[in-house]
Amino acid sequence: MPHSSNHSTAASPARKWIDPKTLMAIHNLELRARHVVQGFWSGLHRSPYHGFSVEFSEYRQYTSGDDPRFLDWRLYARSDRFFIRKFEDETNLRCHLLVDLSKSMTFGSTGYAKSDYAATLAATFAQFLQGQGDAVGLLAFDQEIRDYLPARFRPGHLRHLMLALEKPAAGRSTNLEAPLHRILQLVRKRGLFILISDLLAPIETLSKNLQSMVAAGNEVALFQILDPAELDFRFEQAHRYYDMESDRDLYIDPATARTSYRAKLNQHLEAIETACRNLGIDYLRLATDEPLELGLFHFLQGRMQRGKRTVRRK
Amino acid sequence: MSFLAPLFLLGLLAVGLPILYHLVRRRTKDRIPFSSLMFLQPTPPRLNKRSRLENIGLLLLRCLVLILLAFAFARPFLESDASTTEASPLQTQWVVLVDRSASMKRPGLWDQAVDRAEEIIARIPSTDPLAVFAYDQGLQPVLSFEQALGLSAQERKQNAAEHLAVMKPGWKATFLDLALAESAELFNEFESSTEAEGFHAIRQIVVITDFQQGSRLSGLQGAEWERNLAVQMETVVPEKTSNAGLHPLPQIPSPNQKPTLRLRLTNSEDSQQEVFKVGIASQNQRLDPAKSVEVYLPPGQNRIVEFESETPANPSTPVTAILEGDDGEFDNRAFLIPFQSKSFQLPYFGPTDADRNSPWFYLERAFQSTSKETVQLVPNPADTTNMPSTAPLSILITAPPPDHLAELKRRMVQGHNALVLLTPQTAANVLPALLEKESLSVTSTDPTRPLIIGWIDFHHPLFTPFADPRYSDFTRIHFWQYRSWSLEENENLRVLARFDNDQPWLVEAAVGEGRAWILTSGWTADESQLALSTKFVPLLYSLLDLARGTGDAPTQLWVGQPLPNLPPSAGTARLTLPNGNEQVFSADDSGFIPEEPGVYQLKNGDAETFSFAVNLNPAESQTATRSIEDLDALKVPMQSGVHVAETGERTHKRNTRLSSLQQEKQQNLWRWLIAGACLFLLAETFWSTRLSRRRID
């Protein structure tokens with residue numbers, strides 16, 4: 001099941017990664033993201049998986065001025081000629097971050113909201129991808145599109161992204177349909193879409209729009225952010241619980257409601273997983289008390305498995 | 001404390017409801033935010049270990065309200081010092097009614113009824129108030145409550161028996177509804193007169209009757225009965241139940257001159273006879289075989305029998321019809337007054353010209369002969385002997401000769417009447433004599449505009465037939481000439497109608513026993529349109545009826561119906577009873593109600609003699625016994641069987657129950673409990689409203 005846990009496979013060196021609570025204590029989003037990225041790299045050093053295999057698309061003859069690091073010595077041994085590996089990174093990757101900043105994302109039982117976690121994750125991706133030389137755009141939404149920044153690779157673009165991500169979450173409800181539909185209209189060229197949301201909305205709308213995105217030739221990665229209290233409804237007292245988006249309230253006794261809540265939630269999560277699996281979408285569920293590096297790690301792992309260029313060391 | 005309805009105390013169990021409510025109610029002030037409720041269902045309220053009572057004060061108020069209501073419905077009362085085991089005994093009050101209507105004349109019925117009455121009276125305890133009444137169309141006392149007080153049971157029985165032995169069934173109908181209603185009222189009068197202590201005593205009405213179909217019960221529809229009153233029916237049945245009855249029908253004029261006698265023959269439903277003989281009685285009051293017919297009539301049916309009587313010397317001679325072949329003799333005779341066409345001769349003094357300007361022209365045509373009566377005008381009789389002595393009315397247009405006038409006055413003093421047209425001539429020669437005035441000043445007036453009748457005394461019998469709004473419009477009659485007359489109204493002189501200028505048109509003057517009606521304007525075309533109006537002929541006939549004295553009074557009555565025209569409005573009237581006795585009535589006497597069938601003859605002053613045929617009410621011939629369900633259907637509180645003497649234990653139980661009822665009714669504690677519940681409810685409403693407001697804030 002593509003959700004992170006502290007007992008993950010040997011691929012994730014989770015014990016060395018930053019505690020999210022500590023991370024969230026950093027006020028500056030850009031600084032937070034940088035910490036995650038750097039922490040991730042240093043984690044990679046200790047990982048037996050350092051030195052990812054690099055996928056290349058073709059050879060070209062060496063010309064004066066090329067970086068000799070990319071000489072393929074095996075081919076030289078075979079052909080006695082110098083050839084440079086042409087990487088896929090020479091093909092421009094457009095990545096769009098679709099970040100849900102609706103009211104439901106402001107819930108948080110860990111001392112910080114899901115929206116802070118999601119924004120940090122999005123900023124981390126932005127930082128990482130930009131560091132790889134990829135163009136990154138942003139679509140922040142609640143019940144409608146709040147901010148749209150097209151995918152650019154310009155100086156200062158990352159700053160704009162961070163500023164947009166720092167805006168507080170608001171909105172009356174979560175509407176996935178409108179932004180997903182809109183982004184397809186705005187973005188004509190194929191690219192990578194990373195959707196970060198709690199996905200607490202009917203699954204039918206989501207799968208239909210994801211299907212459209214995939215059918216258009218885009219690569220989609222889905223990160224579902226949930227609070228630990230949402231995962232197991234760990235409340236104790238019977239209270240009137242109100243919906244943060246609709247303000248509707250119900251009298252709930254957690255002792256009696258917990259079991260059915262979990263069952264329904266699991267049913268919802270399974271439906272999302274199934275839909276993603278059927279569409280070939282990379283899906284990861286992150287609890288807000290889990291390290292953000294896990295998200296980055298899973299993202300890269302997923303791309304590796306697909307045979308995509310994952311990372312280029314600088 | 002005791003309770004009248006202790007079962008209502010089960011309502012105390014309802015106190016558990018507010019307690020439960022206070023335990024399970026959720027008073028959470030806090031609202032906890034959650035990202036989405038899409039996976040959550042509301043938790044129903046339930047009791048758990050952590051449930052606890054909140055707002056104890058409010059809970060107590062609510063519980064108190066329910067407790068007070070339960071107690072109020074249970075009707076509590078505090079038992080008085082007098083021990084309930086020895087509740088003061090309450091009496092049963094008795095009224096025994098004995099039917100003495102005509103149907104009880106059947107053989108053996110009255111004796112049975114008297115025996116039954118004696119038996120019942122003997123069984124009633126002497127401590128119970130008792131009254132005995134006979135009834136037909138009203139109650140007649142046999143033994144009143146006051147008379148029965150202090151007598152022993154045996155004495156009461158003897159006393160009642162003596163009275164009943166003297167009393168026999170009468171000829172009247174059975175008004176059982178009236179008898180029951182008046183009996184119920186007797187109890188109230190008795191209690192109020194004796195200031196009887198204690199709560200309503202038990203009231204029993206025992207009715208000893210043949211309870212025939214003809215008993216009138218219509219008055220019991222919708223009647224309300226007191227809770228402690230019960231009616232017992234003691235039905236007496238004759239040995240032979242067959243009964244046929246003979247009753248007269250309204251007599252009608254026949255096309256040929258021979259009067260037709262119409263009778264109705266009825267046969268009761270339980271009759272066993274079907275063949276009867278009906279005929280006219282001869283002089284010896286027996287059925288004349290030559291004037292009888294045999295009639296076949298099955299039980300439960302009736303038939304109209306007609307006879308064409310011969311024309312006797314006096315066609316108005318009453319006729320007796322007889323029925324033979326029936327066991328019940330009481331209704332086998334019927335008295336009939338054959339229809340007699342009346343004839344009047346009215347003296348007329350005035351011109352008899354045949355032209356339209358003569359009053360005679362219209363009078364002659366107004367009085368037409370019909371099959372009911374013939375009115376003949378006798379113009380200007382030569383001498384007084386030609387003035388018909390039985391004429392009810394004379395018409396004076398001009399002054400009659402002095403001797404005629406004197407004769408007229410003499411007759412008027414004795415009750416004759418006259419219609420006088422006021423003219424200078426009659427004012428000079430007629431009216432002073434009649435009204436005993438020296439002279440009368442009369443002025444002929446031609447008004448500048450035609451006058452109409454502005455006011456009419458519709459209360460006067462002359463105008464009573466016109467009182468109906470359909471006939472009361474006299475305004476279409478125009479008058480263009482009249483005589484104005486200065487007169488003083490007094491008891492002998494009365495204006496019955498006026499013109500719209502307030503001048504009198506028709507004046508009534510008393511002349512001895514008779515009356516003179518004086519018209520100030522004539523009916524010919526030169527004076528008015530009266531003769532051409534629709535009111536002329538009815539007005540003349542109304543005058544004639546008033547002059548005749550009896551008008552169209554019915555001649556066939558039932559026993560118990562008052563005779564018309566009694567007491568006389570003026571003078572004396574002589575009534576001849578069927579047994580030949582005479583009774584004289586004056587205006588101050590009350591009327592007369594015949595007690596037996598037969599022919600009654602009435603002579604009012606000098607007026608002709610009127611005959612009235614009084615018969616048995618046909619309902620009395622319906623002798624088949626009614627069902628007790630008829631009384632149940634009218635919601636009369638019936639008591640089956642004879643519960644004259646209850647056992648001591650039953651009496652005690654009843655007395656105890658009524659004593660408790662009495663105490664509770666005196667204390668009325670339930671009202672205080674209801675008031676307290678209302679107060680607590682108000683307090684609870686106020687408190688809970690305050691609490692909810694506080695919560696919102």
Side-chain angles (χ1 to χ4, degrees), chain A residues 100 102-109 113-115 169 173-174 197-203 224-269 271 288, chain B residues 13-66 681 683-697:
Chain A
D100 180 4
S102 61
K103 209 70 164 55
S104 63
M105 293 291 284
T106 62
F107 177 74
S109 66
K114 289 187 295 182
S115 57
S173 61
T174 304
S197 170
D198 54 9
L199 298 178
L200 294 177
I203 185 63
Q224 185 175 20
I225 313 297
L226 288 174
D227 190 276
E230 287 174 331
L231 283 169
D232 54 16
F233 203 72
R234 55 178 61 167
F235 300 98
E236 297 293 331
Q237 294 281 337
H239 282 293
R240 296 203 75 83
Y241 291 86
Y242 72 91
D243 189 315
M244 294 172 77
E245 287 183 353
S246 66
D247 209 34
R248 186 172 71 98
D249 62 22
L250 295 173
Y251 179 81
I252 309 288
D253 183 1
T256 49
R258 190 173 295 124
T259 312
S260 75
Y261 172 84
R262 283 179 181 168
K264 285 183 184 171
L265 178 66
N266 287 337
Q267 203 176 353
H268 180 71
L269 298 178
T288 53
Chain B
L13 293 172
V15 167
L17 288 172
I19 294 173
L20 197 67
Y21 175 70
H22 278 248
L23 277 175
V24 303
R25 229 186 63 164
R26 303 170 289 211
R27 264 197 71 240
T28 42
K29 285 184 285 193
D30 304 325
R31 291 177 83 222
I32 306 297
F34 194 61
S35 53
S36 176
L37 300 181
M38 61 187 285
F39 305 120
L40 289 166
Q41 292 294 324
T43 307
R46 62 187 180 91
L47 280 178
N48 51 43
K49 289 180 195 166
R50 285 174 294 154
S51 297
R52 55 188 172 86
L53 286 174
E54 297 171 338
N55 279 323
I56 304 278
L58 198 58
L59 172 63
L60 279 174
L61 270 181
R62 288 165 176 165
C63 292
L64 266 174
V65 168
L66 288 171
L681 201 58
E684 186 270 342
T685 310
F686 176 68
W687 192 342
S688 59
T689 311
R690 274 188 64 186
L691 272 178
S692 62
R693 281 205 191 126
R694 218 184 289 162
R695 233 177 279 136
I696 291 167
D697 296 338

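Sequence lines set the chain letters: A, B, ... in the order given, protein chains first and strands last, and positions in each chain run from 1. Predicted, not measured: the structure shown is a model, and the values here were computed from it.
Between K114(A) and S35(B) the shortest heavy-atom distance is NZ-CB, 3.9 Å. Summarising the geometry of F39(B) relative to L200(A), their closest heavy-atom pair is CE1-CD2, 3.8 Å, with the distance given to 0.1 Å. Among all heavy-atom pairs drawn from L37(B) and D243(A), the shortest one is N-OD2, 3.4 Å. M244(A) and P33(B) get closest at one heavy-atom pair: CG-CB, 3.8 Å. For the pair D253(A) and T43(B), the tightest heavy-atom approach, listed with the atom from each and the gap, is N-OG1, 2.8 Å.
For F107(A), the ring pair (Phe, Tyr, Trp, His ring centres under 6.0 Å) test picks out F34(B), with sequence neighbours left out. Scanning for salt bridge (Lys or Arg N to Asp or Glu O under 4.0 Å) contacts around R234(A) gives D232(A), with sequence neighbours left out.
Ranking R248(A), M105(A), E245(A) against chain B, the residue ahead of the rest is R248(A), based on heavy-atom pairs under 4.5 Å. Annotation: maximal heavy-atom pairing with chain B below 4.5 Å, among D227(A), L265(A), D198(A), occurs at L265(A).
Both the backbone and the side chain of D247(A) come within contact range of chain B, judged by heavy atoms closer than 4.5 Å. There is no contact between R258(A) and chain B, counting heavy-atom distances below 4.5 Å. Interface residue A201(A): only backbone heavy atoms are found under 4.5 Å from chain B.
Side-chain contact check for S260(A) versus Q41(B): every heavy-atom pair is 4.5 Å or farther apart.
For the atom pair I32(B) CD1 and F235(A) CZ, the distance stands at 7.5 Å (nearest 0.5 Å). For the atom pair OH of Y261(A) and CE of M38(B), the computed distance is 9.5 Å after rounding to the nearest 0.5 Å.
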